[in-house]
2 protein chains.
Amino acid sequence: MFSIGDLARDTGCKAETIRYYEQIGLMPEPARSAGNQRRYTQRHRDRLHFIRHARSLGFTIDDIRELLSLSDDEHRDCSAVDALARRHRDAVTARIESLMTLRRELDRMIGECGGGEVGQCRIIEVLRDHRLCESGHPLA
Amino acid sequence: MFSIGDLARDTGCKAETIRYYEQIGLMPEPARSAGNQRRYTQRHRDRLHFIRHARSLGFTIDDIRELLSLSDDEHRDCSAVDALARRHRDAVTARIESLMTLRRELDRMIGECGGGEVGQCRIIEVLRDHRLCESGHPLA
DNA sequence: TCTTGAAGCTATAGCCGCTACAGGTATTCA
DNA sequence: TGAATACCTGTAGCGGCTATAGCTTCAAGA
């Protein structure tokens, strides 16, 4: 049996986080010691590893809830898993693209600033007037 | 004089957001009509445009607070502005890189899943065991 | 066996940057 | 004048944790 601290050390997350996962129903309630402390099994440990791994890949808690429930039934067709992963990858791709647009614009602003006084600073000037932007980054 | 709705339409943000900016001290308190409604000047409008533009480039509220305060003094040296912008660009770059690492790993997982049953699904398998990851994405 | 310090417990509030109510008042246009 | 729309304040919620306060329990050493 593992204490909450064992699991925390093992997965690199904090005890508070594990309690939080329990509270939102992502981790099942474990057994308790005589003194009311949580006592986990290997199954709990595996589940927490799964959760942390999926989180580290950027899946949302709701995604993970679904992945866990899908993975429960070994004989189910895995197309739903596949679809969820693809959806997430596409969202990551979109996010990368929008960040690259931002970076292009930031680079341009920084490159055009030749030092000197704030009154002539290109960065401030561009921030004051979106029409000076070239990359068409969205204002919203 | 502009109403809060005028400013909202003009900048593409919601009236609630403008009131929020006032509440946190990012926008100054405007004058009020006889009936206690906010009445803005062109200066307010410019400031809000600046804020929204900087937000759309990913600057945090605190960054923007500093940019605004730096931009107040036209004769100040703009190196602080430059440094802030570079710092932000570097953070964006780091974020892009970490998202690209994620995407590589997601792509690999998705590519290896050949359909079939959940029991053989590579996506689930990888999520269960981080050692199956190649890209070395951070677990934390 | 006793002590002490670390680890655990619950409950609650805070982080960011908004957004969404609820329940009331002001303004505007026909 | 009346109806529709906009605006007001105050509060709570989103996601995914993190931090605190004030307590109890556990485990290792003397």
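Below, chains carry the letters A, B, ... as their sequence lines are ordered, and counting in each starts from 1. Just so it is clear, the structure is predicted and the values come from calculations on it, not from any experiment.
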Given DNA chain D, 5'-ward residue of the pair B:Gly5 and B:Gln23, judged by closest heavy atom: B:Gly5
Of the listed nucleotides C:dC18, D:dC7, C:dT10, the one nearest the side chain of B:Arg55: C:dC18
Integer-rounded Å distance: D:dC23 P and A:Gln37 CD: 18 Å
B:Phe2 six-ring face occupied by B:Arg45 cation (under 6.0 Å, within 45°): yes
Listed nucleotide nearest any side-chain atom of A:Arg38, set C:dT10, D:dC26, C:dA20: C:dT10
Sugar-phosphate only, base, or nothing, as touched by A:Arg9 at under 4.0 Å among non-hydrogen atoms: nothing
Exercise: identify the closest heavy-atom pair between A:Glu117 and B:Glu74: CB-O, 3.5 Å
Side chain of A:Arg39 (C-beta onward), nearest among D:dC26, D:dG16, C:dC9: D:dC26
A:His44 ring center near A:His49 ring center (under 6.0 Å): no
Options D:dG16, C:dC9, D:dA6, nucleotide nearest the side-chain atoms of A:Asn36: C:dC9
Atom-to-atom span, CE of A:Met27 to P of D:dC17 - whole angstrom: 13 Å
Rounded distance (Å) that lies between atom P of C:dA26 and atom CE of B:Met1: 18 Å
Proximity to the side chain of A:Lys14 - top-ranked nucleotide from D:dC7, D:dT18, C:dC18: D:dT18
Separation of C:dA26 P from B:Ile4 CD1 (nearest whole Å): 17 Å
Sugar-phosphate, base or nothing in reach of B:Tyr21, heavy atoms under 4.0 Å: sugar-phosphate
A:Leu57 CG - D:dG16 P separation (whole Å): 14 Å
Candidate nucleotides D:dT18, C:dG8, D:dC8, ranked by approach to the side chain of A:Ser3 - the nearest: C:dG8
C:dA26 OP1/OP2 closer than 4.0 Å to side-chain N/O of B:Arg32: no
Comparing A:Asp6 and B:Asp62 on DNA chain C - which has the more 5′ nearest nucleotide: A:Asp6
Minimum heavy-atom distance A:Val126-A:Cys133, with the two atoms named: CG1-SG, 3.8 Å
Minimum-distance nucleotide (side-chain atoms of A:Glu16 versus D:dC8, D:dT20, C:dT19): D:dT20
Atom pair CG/CZ of A:Asp90 and A:Arg95 - distance to nearest 0.5 Å: 15.5 Å
Under-4.0 Å side-chain N/O to phosphate OP1/OP2 contact, A:Arg19 with C:dT10: no
D:dG15 OP1/OP2 closer than 4.0 Å to side-chain N/O of A:Thr60: no
Rounded interatomic separation in angstrom, taking CG from A:Asp63 and P from D:dG15: 12 Å
Nucleotide D:dG10, atom P - distance to CD of B:Glu22 in whole Å: 12 Å
Candidate nucleotides C:dC18, C:dC9, D:dC17, ranked by approach to the side chain of B:Thr17 - the nearest: C:dC18
Separation of D:dC7 P from B:Leu7 CG (nearest whole Å): 10 Å
Geometric class of the A:His137/B:His53 ring pair [parallel <30°, tilted 30-60°, perpendicular >60°]: parallel
